[in-house]
Amino acid sequence: NAGVTQTPKFRVLKTGQSMTLLCAQDMNHEYMYWYRQDPGMGLRLIHYSVGEGTTAKGEVPDGYNVSRLKKQNFLLGLESAAPSQTSVYFCASTPRGASNQPQHFGDGTRLSIL
Amino acid sequence: SQKIEQNSEALNIQEGKTATLTCNYTNYSPAYLQWYRQDPGRGPVFLLLIRENEKEKRKERLKVTFDTTLKQSLFHITASQPADSATYLCALDIGNYGQNFVFGPGTRLSVLP
């Protein structure tokens, strides 16, 4: 089992460029999440999905869009990248929606916006 | 604004001692609190979960306490080893439906040989 796989691992963009981060999980989990991690801030929830075809906003959704066309994949898009979006992005999944479900994380995508 | 606080950004201890990390939260009534370990360049890895009606939870050298009156959780690593050096995060679901997990900023633990 690969668990949660994120691609790419690193990326450098110029301001205004667009890109899509891919998250894939092979555990048949229902819930998937996108976080960003910045120094001293902790992980902050961008968007999440409670199942195939559904998405919802988290704490910091502005500037990002997501899609969950297949249960195993959760895509995070930046339409027009800004320097403030320089961060490490983590995807996570849980079997179902409950507070006692451990989150399974990928190893992150390190994104720099110049 | 910070929703969860962890006692310090960094903590250095000697090998063999007990490390104690603190997680404080405000304005929530979580049913569960979780602890994760994060190594440099890697994603967080789940360690332990404690319920609101559990005073203490143990797993090998790890112990977690949860005081809902103080709104605080303590995470202990006994007989610490250099391999325990990592950043430790606490997290809770403020919505209680698995849809809104909030993480603390983490405490970077260094165990010195």
Side-chain angles (χ1 to χ4, degrees), chain A residues 2-7 9-10 21 23-25 27 29-51 54-61 66 68 87-110, chain B residues 1-10 21 23-25 28-54 57 59 64 66 68 73 86-108:
Chain A
V4 177
T5 303
Q6 293 184 234
T7 54
K9 296 189 186 306
F10 304 93
L21 282 64
C23 176
Q25 54 95 3
M27 299 172 284
H29 285 178
E30 290 293 334
Y31 279 48
M32 296 186 74
Y33 311 80
W34 275 108
Y35 295 91
R36 59 178 291 171
Q37 187 175 43
D38 302 291
M41 298 290 290
L43 288 156
R44 291 183 292 168
L45 184 63
I46 304 171
H47 286 279
Y48 64 94
S49 168
V50 303
T54 72
T55 63
K57 295 180 180 180
E59 179 186 357
V60 289
V66 288
R68 183 122 180 250
S87 188
V88 182
Y89 292 86
F90 287 99
C91 176
S93 69
T94 58
R96 58 187 181 278
S99 300
N100 63 349
Q101 294 297 299
Q103 300 214 354
H104 299 255
F105 284 86
D107 280 335
T109 293
R110 285 144 190 83
Chain B
S1 62
Q2 200 65 267
K3 297 174 181 175
I4 302 180
E5 295 180 347
Q6 294 190 238
N7 58 325
S8 59
E9 187 174 331
L21 285 63
C23 176
N24 294 292
Y25 60 93
Y28 307 122
S29 298
Y32 300 89
L33 191 139
Q34 303 183 4
W35 282 89
Y36 291 77
R37 168 182 173 139
Q38 186 175 22
D39 292 289
R42 305 298 300 272
V45 175
F46 173 78
L47 295 175
L48 278 172
L49 174 149
I50 187 165
R51 291 195 311 266
E52 60 179 342
N53 60 355
E54 287 182 310
K57 191 84 169 279
K59 179 182 177 182
V64 173
F66 193 13
T68 55
S73 176
T87 296
Y88 292 87
L89 312 172
C90 63
L92 53 87
D93 177 19
I94 63 174
N96 284 327
Y97 289 98
Q99 297 178 2
N100 201 353
F101 282 92
V102 177
F103 284 78
T107 295
R108 187 173 66 252

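Letters A, B, ... mirror the listed sequences (proteins, then strands); counts begin at 1. Computed from a predicted structure; not experimentally measured.
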Inset, instruction - Can you tell which part of A:Q103 gets under 4.5 Å to a heavy atom of chain B, answering side chain, backbone, both or neither? - result: both

Inset, instruction - Counting only heavy atoms closer than 4.5 Å, note whether B:Y36 contacts chain A via side chain, backbone, both or neither. - result: side chain

Legend entry - Any donor-acceptor pair under 3.5 Å from A:D107 side chain to B:G43 backbone: yes

Inset, instruction - Please name the pair of heavy atoms, one in A:Y48 and one in A:K57, separated by the smallest distance, quoted to 0.1 Å. - result: CE2-O, 3.5 Å

Inset, instruction - Measure distances from A:R44 to the heavy atoms of chain B and classify the residue's part below 4.5 Å as side chain, backbone, both or neither. - result: neither

Legend entry - Contact class of B:Q34 relative to chain A, heavy atoms under 4.5 angstrom: side chain

Legend entry - Approximate separation, where rounding is to 0.5 Å, of B:F103 CZ and A:Y35 OH: 4.5 Å

Inset, instruction - For chain A, find which of B:P44, B:G41, B:G106 contributes the most heavy-atom pairs closer than 4.5 angstrom. - result: B:P44

Inset, instruction - Kindly compute the distance separating CD (B:E54) from CZ (B:F66), expressed to the nearest 0.5 Å. - result: 10.0 Å

Inset, instruction - Tell me, out of A:V50, A:N100, A:L45, who's got the most heavy-atom pairs with chain B below 4.5 Å. - result: A:N100

Legend entry - Part of A:Q6 lying under 4.5 Å from any heavy atom of chain B: neither

Inset, instruction - Could you tell me which portion of A:L43 (side chain, backbone, both or neither) has an atom closer than 4.5 angstrom to a non-hydrogen atom of chain B? - result: both

Legend entry - Nearest atoms (heavy-atom pairs only) where A:T54 meets A:R68: O-CB, 4.0 Å

Legend entry - From CZ (A:F90) to OG1 (A:T109), nearest 0.5 Å: 9.0 Å

Inset, instruction - Please flag which part of B:Q6 lies under 4.5 Å from any non-hydrogen atom of chain A: side chain, backbone, both or neither. - result: neither

Inset, instruction - Find the distance between CD1 (B:I50) and CH2 (B:W35) and round it off to the nearest 0.5 Å. - result: 11.0 Å

